[in-house]
Amino acid sequence: MTSIVGPRPPLPAVVAALLTVLALVLLPAGSARAAQTPEPGAPYLGAVLDWGTDSAAGYADRLGEPAAVYGRPVPLPMDDREQGYLRHFLSQVAAQGGHALLTVRPDVALDRVDEARAAVLAGQLADVAQDFDGTVFVRFAPQMNASWVPWGQQPEAYTRAFRAVAAALDDRLEDPVMVWSPTVGTDYPFRAPTSSAPEGADLASLDTDGNGTWDRDDDAYGPYYPGDDVVDWVGLSAYHDETGSGEARNTVPGPDEFSTLLGGAGASDGFYAAYAAARDKPLMVETGSFWSPEAGGPSALEVKAPWWDQVLATASSEAYDRIGAVVWNETVEERTGGAVAVDWRSTADPALAAAFRERVQASSLVAGPVTEQAALPGAAPSAPGIVLQGPVAWAAAAAVLGAGLLLCLLPRARSARAWRYAEPSPRDSRIDMLRGVAIVFVVVNHVGLTSLFQSFTQEAVGVVSGAELFVLLSGAVLGMVYGPRVRGALGEVVDRTTARAWKLYVTALVVVLLVYALSRIPVLESGAVTTFTDQGTGAAGAGAAGSTYDLYAGMDGLFAFLVQAHVIPAVLLLQVGPWQFNIMGLYVVLILVSPLVLAALARGRAWLVLLISAGLYTVGTVFRIRLLPSQFEDSFPLLVWQVLFVLGMVAGFYRRQIVSWFADRRRRPLLVACLLLAVALALFSWSGPYASSSYDVRLALLPEAVFRAVYDGYFGRTYLGIGRLVNVLLVVVAGYALLSAYWAVLRRALGWFLIPLGRASLYVFVMHVFLILAVANIPVLEQGDLWVNTLAYVAVLGLLWVMVRTRFLFGIVPR
């Protein structure tokens, strides 16, 4: 009989194995966290990409090999759509055989990141990373020692929040790696010396030398360190950036600049020595070199190559063998309202990528793949939702188009003629109902809870949001109201529009200041209206997705003994305020110039008005000129968005003629074509890869790459891509036509709710800001429950309707 027993292991091996088992069983778990780390002197190559326009595969193609670590921002709290983005990200990273770096950016105050909220985040991350084989690095609220992030310079709140998140992730994820990552403290505390701590902090915790002043002599890192037991890796944001106070300057890095930022391997008080070497923690460095094409001076290669050489030489040095990863910033950042583009990338240009590739390959950095390259089981590019694919998707699209055609043909039946619009009132209730739809879209989008309402309002009727509809319809109402008066009473029109603009401006100032006053109440969570987390659709571009901005930056100067000089202009020019309300500044400017447009229309110069408006739109979209310093220019550039308002004014001025023109039997096919094209564009929007909730229906009619290319090229939101502009016009034409044909049915079904909201849309717009603030302070709504959030929307919209019907504060709040 053949023996199946192998050779007996030597006694020393047996003893070593027993000792290892005993150590694993008996050693305490809380003394220091086990760190998953690469070999000393062989750090991972990492990259943070612009995930709106880039991909892990694209980066690998440009560099010639994949990164070992890919980074992406994660908001806290996170909704279903963000979970879908994250699932897609992990799928890309898994296919490249890499590890994932998740940078958690709190959208709420740090003192609200408690065990319950941390548990929700941990559950969401565990869900999307269930089958991910790589390491999940979680970098919670980085640069917490800086003044430019909303969670910055609050050491007590930060350390509590970090520990809560670490504990929750330990419970739900398999071997998560917590990364504590401040920014280089060279210019700490990044403000003038002061004897008072910033809001949310205690001076005693910041004044580490105990001299009563928080200044450059105080420790830039120690107050923010959460403890060895919850930190696996330490991190550091260390960039070559000499822009000073916002000035764009391309400069060549100085000798040993990078190692100086680390603190020097032999320095006892440097960051590397104190937190990586002394604590035996791997160090993750995020880095890049400032270069702006607008700044002139040295070329990108002349600026970036010396920085690569320094970073790679340092990371490969035995003196810095605790460096575990070097993560390069591969994004483009917009500064000073889009006037300056900072290109951090090392691989976008082929020549630059070739030089970077040569240096990386000559270094000790470890590129990917570092894990098995495989797609995540069940991880589709789309968010959770109902995805129809193949013949089923095309059959559903055909059914929708058929339903649209039926809606066009049905009004010709004799039995349907009684449904037509026939109200004797000079006020057009169809416009009011469309405005009601627009304001509901705006409220749902701004409240921002994941619910069933998103399935009907988030680009569901086409690649259109409530903002575009609202601006166009506001222009139409102005053209309808003042158009008949302008021929004989231009002076009266100027007086009335000026008074209206002044009322809107005063209202904007009151809301801005009132929200700021409420944000000063310690127990009130105001981050929903005082900060903004970029979704990648603003002036900063997709690369800014996940970035959070303080919308009231510098307003503390309002309480100085002598009010700081910058505060008053910032308020008067509407440079501060809730992002949900900043479009009010756009309305103020547009209404002020509206008499010029109306006067030209009264003289039969509609062609000239449209030509000038189109020219301004073209200039605005091509050159992206910012005319005013006001906050609305970031999301609603004046030169671009005026085209919607002007088109609305022209349509309102000539409303009767336009309606009569379309009513002609000979032009009925054109109206049918407009409606069917609107339906086709709605189908295109449903083909997007990301669902808004688990019950959202997506049609996989187009490959994701094709959809993204078309969407980004023609349907951009901030600068109103030409496709989006056409889509808005088609939606309004189709909506107006359907209301005209089916008025009796639609008014009975929805008119009772939408028409009052549409007639008091300005009032609703003002009041919804304060309801957003109230919603943000209801703990149960922070858990991301779809059905609870849907009920919350019913309550919010119902409350707004009741407030309008009861004329609550109508004597104070403009309508």
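Index from 1, following the sequence.
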Give me the atom names and distance for the closest heavy-atom approach of [X] to [Y].
X      : Y      : value
Ser465 : Arg717 : OG-NE, 4.0 Å
Met433 : Gly751 : CE-N, 3.7 Å
Ala438 : Leu473 : CB-CD1, 4.5 Å
Ala528 : Ala776 : CB-CB, 3.8 Å
Leu781 : Ala792 : CD2-CB, 3.7 Å
Gly620 : Val640 : C-CG2, 3.6 Å

Check whether [X] reaches the backbone of [Y] with its side chain - one donor and one acceptor, N or O, closer than 3.5 Å.
X      : Y      : answer
Arg485 : Val493 : no
Thr498 : Asp495 : no
Ser630 : Phe632 : no
Asn727 : Val463 : yes
Glu633 : Leu628 : yes
Ser613 : Val609 : no

With side chain to side chain contact (heavy atoms under 4.5 Å, CB included) as the test, would you mind laying out the steps for Val529 and Phe581 before giving the verdict? CA-CA 9 Å; Val529 290; Phe581 197 71; over 6 Å; no

Enumerate the side-chain hydrogen bond (donor to acceptor under 3.5 Å, both in side chains) contacts for [range], please, sequence neighbours excluded, ordered by first and then second residue.
range            : result
residues 752-767 : Ser429-Arg759, Asp432-Arg759, Arg435-Ser761
residues 790-814 : Gln454-Tyr793
residues 768-778 : His446-His768

State whether the number of non-hydrogen atoms from other residues, nucleotides or ligands found under 6.0 Å of Arg191 atom CZ is greater than 12. yes

Heavy-atom neighbours of Trp502 CH2 exceed 12 at 6.0 Å: no

Rounded to the nearest 0.5 Å, what separation is found between the [atom1] atom of [X] and the [atom2] atom of [Y]?
X      : Y      : atom1 : atom2 : answer
Phe636 : Leu720 : CZ    : CG    : 9.5 Å
Gln575 : Met555 : CD    : CE    : 11.0 Å
Ile583 : Leu574 : CD1   : CG    : 13.0 Å
Leu509 : Leu573 : CG    : CG    : 10.0 Å
Arg500 : Tyr587 : CZ    : OH    : 11.0 Å
Phe765 : Gln580 : CZ    : CD    : 8.5 Å

Given side chain to side chain contact (heavy atoms under 4.5 Å, CB included), test Gln642 with Tyr617 step by step and report yes or no. CA-CA 7 Å; Gln642 55 77 30; Tyr617 165 78; 4.0 Å; yes

Are [X] and [Y] close enough that some pair of their side-chain heavy atoms sits under 4.5 Å apart?
X      : Y      : answer
Val113 : Val108 : yes
Leu452 : Trp787 : yes
Phe441 : Val464 : no
Leu671 : Leu675 : no
Val511 : Val766 : yes
Leu725 : Leu644 : yes
Val444 : Val796 : no
Val440 : Val764 : no

Tell me, please, which residues at least two apart from Ile625 pass side-chain contact (heavy atoms from CB on, under 4.5 Å). Val619, Phe623, Leu627, Leu639

Would you please test Val794 and Phe453 for side chain to side chain contact (heavy atoms under 4.5 Å, CB included) and show each step? CA-CA 9 Å; Val794 172; Phe453 280 88; 3.9 Å; yes

Can you name the residues that form a side chain to side chain donor-acceptor pair (under 3.5 Å) with Arg496, not counting sequence neighbours? Glu492

Residues at least two apart in sequence or cross-chain that pass side chain to side chain donor-acceptor pair (under 3.5 Å) with Arg430, listed by chain then number, are Asp428, Tyr736, Ser740

Please lay out, stage by stage, how Val437 and Leu750 fare under the test side chain to side chain contact (heavy atoms under 4.5 Å, CB included). CA-CA 10 Å; Val437 171; Leu750 298 171; over 6 Å; no

For the pair Tyr552 and Tyr516, name the ring-plane relationship: parallel under 30°, tilted 30 to 60°, perpendicular over 60°. parallel

Presence of salt bridge, Arg747 and Glu423, under 4.0 angstrom: yes

